[in-house]
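Notes follow once the structure below has been shown.
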Amino acid sequence: MKPRVRFAPSPTGYLHIGGARTALFNWLYARHTGGTFVLRIEDTDAARNSQEAVDVILDGLRWLGLDWDEGPLTGDATGPSKGACGPYFQSQRKQNYQRRVEGLLSRGLAYEHEGAIKFKMPRETAVINDLIKGEIRRDLTDREEADPDFVILRSDGQPVFHLVNVIDDLEMNITHVIRGEDHLINTTKHIALFKAFGVPPPHYAHIPLILNKDGSKMSKRDQGASLTSYTEGGFLPEAVINYISLLGWSPKENREKLSLAETIERFDLPQVFKHNARFDYEKLLWLQGEYARELADDRFYELAVHTFAKAGVDTNPFPLGYVKAALDTCKGKFKTFSELPAYAGFYFTAVIEYDAEAAKKDFVPENKPRLEKLRDAFTHAPAFNAESLEAALKETAKALGVKAGGLVHPCRLAVTGKTSGPSLYHLLQVLGKERVLARIERALGQI
RNA sequence: GGCGUGCUCGUCUAUCGGUUAGGACACGGCCCUCUCAAGGCUGAAAGACGGGUUCGAUUCCCGUGCGCGCUACCA
């Protein structure tokens, strides 16, 4: 039988990076084994539950490219879904829970207590055979010593997590439960429930947690905790996927950067680590830069234009050839797309602003005649391309008896307003003679 | 407090009981260079601690310490 795994998030309004990695490990295992990846929404808590909150999850998974074989098609709990085990929203499965609870009640495996229904937990040492953690034998805690039974149906009739989680896994024929280590202890309850329903429990694989770099617990506000910080922060999904696959798992052989296909091929449950991983934003950034540099041109243009639009920079008035040429000078020079507007905005603004500190340093009287000479050289350059502009600048520098840098810096500041950016000569070529000369002229007026 | 689990450079990790403990990110230096990146070379940086077992422990066992998780009519 092919494995059936599931990702079962609760719609809280955001997708935690740890949750995304849980989804990834489930997805990887399904793809590695040729199994089925099920998405189920655990929306039993009506209070903090909305279609928008579900959409955050669906959109996040789609952005990452983690497609599900079964599950909802939209964030609407009563909407369409695919797969034979629906509905895939717990809010739509109430009658299943009710029926199961009645079954337990009738067989004396559960009982009413103060209006709630409690499950009669076996009084024995629990054993979990975890695919990652190994065999875990667990004695009762002091509180369980007093009362090991737990509530499965609240006094208001609402079923609790342990109950619905088990029933759904059972009815959806889940074979491998891959989830965060925070659920490890719960597993004793879940195994007991499966047994009470007369069904052998699925295999369990508890993956280690992701902590902050300093080892503290990663909470909502911490850097990198929310998936939207990547979707909105100009990251590439392949970079995020690659990075989080390295948290709690290793492809060995000193590999860091892997294609999705390689990760699918190498990934397996027994190789997942037992210890927690810490989130290192710098390393993610490095991978992001690696992938950004290798982007296919079309996708690069699309993402770049979209980024500019979001930043309020309209590239539409400019000819397509100009936009592409401008972007070509930027490729590989920045990591996240969110850096792009500041990096290359000068291509698309009529009036640039000068970096104040740089202006103080470069827009000095002695640079005025130099810039004038450079302007003249550019004016009479045989062609307005990178090659001849470079030659023109270097000849001018030589004639003036200064190093090339002595002209490069003021010139860059004059045409871009900044001290760093794309290759000067290429950027001049893209900007074109008219803009370049006008910008130098304006800068001259500032000196 | 109880129960569970983990521990190799700052971080992610490699290591089938024998290695000058390797790689990557970040950091320092040098080279390249029109800036910034990228790239090349290079440097510093680790087996939590204490006992065993063994000819030999980072590796196996025990203890201590520390981290993390759980300990709900949350999920």
Side-chain angles (χ1 to χ4, degrees), chain A residues 8-12 42-45 47-48 90 113-118 126 128 130 132-134 136-146 150-162 164-165 179-189 206 208-209 211-217 243 246-257 273-287 289-290 292-293 330-335 339 343 358 386 389-390 393-394 397 403-409 411-413 416 418-428:
Chain A
S10 178
T12 57
E42 304 219 333
D43 58 342
T44 48
D45 187 356
R48 58 177 184 198
Q90 288 186 330
H113 179 74
E114 291 185 5
I117 307 295
K118 292 182 86 171
I128 305 166
D130 193 271
I132 293 167
K133 295 279 184 178
I136 291 159
R137 311 183 71 84
R138 197 178 81 87
D139 289 327
L140 264 38
T141 64
D142 48 7
R143 293 184 198 193
E144 287 168 335
E145 205 76 65
F150 60 95
V151 170
I152 53 177
L153 207 61
R154 286 189 269 265
S155 48
D156 65 359
Q158 288 297 314
V160 311
F161 165 75
H162 303 299
V164 296
N165 190 266
R179 73 210 326 184
E181 190 186 300
D182 47 338
H183 287 296
L184 183 60
I185 301 305
N186 289 336
T187 305
T188 59
K189 294 187 175 90
H206 286 91
L209 271 19
L211 309 176
N212 288 318
K213 192 166 180 181
D214 66 2
S216 63
K217 184 180 176 175
Y243 179 66
L246 262 22
L247 261 19
W249 175 76
S250 168
K252 314 264 170 139
E253 299 171 358
N254 289 337
R255 295 291 306 279
E256 310 283 339
K257 192 171 161 229
F273 302 128
K274 296 179 175 184
H275 56 271
N276 293 339
R278 299 184 192 201
F279 186 86
D280 185 353
Y281 190 79
E282 297 299 325
K283 189 156 185 175
L284 198 214
L285 259 187
W286 166 70
L287 270 172
E290 293 287 306
R293 200 174 316 121
C330 305
K331 193 166 172 184
K333 308 270 280 186
F334 62 88
K335 289 188 166 80
E339 299 163 34
Y343 188 79
L389 292 173
E390 178 168 4
L393 183 140
K394 285 187 171 164
K403 285 197 239 175
L407 290 180
V408 165
H409 298 293
C411 180
R412 175 183 295 283
L413 186 63
T416 73
K418 298 160 69 65
T419 57
S420 67
S423 158
L424 178 67
Y425 309 120
H426 293 88
L427 141 197
L428 292 171

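Chain letters run A, B, ... following the sequence lines, proteins first, then strands; residues in each count from 1. These numbers come from a predicted model, not from an experiment.
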### Message
Could you check whether the side chain of A/K252 and the base of B/U15 have a donor-acceptor pair of N or O atoms closer than 3.5 Å, going by distance alone?
### Response
no
### Task
May I ask which nucleotide in the shown strands pairs with B/U15, Watson-Crick or G-U wobble, both distances under 3.5 Å?
none
#### Entry: Footprint string (nucleotides 23-30 of chain B, 5' to 3'): B base within contact, S backbone only, - free, heavy atoms under 4.0 Å
BBB-----
### Summary
5' to 3', nucleotides 61-71 of chain B under a 4.0 Å protein heavy-atom cut-off (B base, S sugar-phosphate only, - none) gives -------SBSS
#### Entry: Separation between the C1' atoms of B/U59 and B/G18, rounded to whole Å
11 Å
### Message
Strictly below 4.0 Å: does A/K274 bring a side-chain N or O up to OP1 or OP2 of B/G6?
### Response
yes
### Query
Which whole-number value in Å describes the distance from A/K118 NZ to B/C73 C1'?
9 Å
### Query
In this structure, which one of A/I152, A/L153, A/V151 forms a side-chain contact (heavy atoms from CB on, under 4.5 Å) with A/P159?
A/L153
### Message
Is the distance from the ring center of A/F161 to that of A/H183 below 6.0 Å?
### Response
yes
### Query
In whole angstrom, what separates A/R412's CZ from B/C36's P?
9 Å
### Message
Any base atoms under 4.0 Å from A/S155, or only sugar-phosphate, or nothing? Heavy atoms, all strands.
### Response
base
### Task
Assign A/R255 to base, sugar-phosphate, or nothing according to its heavy-atom contacts below 4.0 angstrom with the strands shown.
nothing
### Span that lies between the C1' atom of B/G29 and that of B/A45, in whole angstrom
15 Å
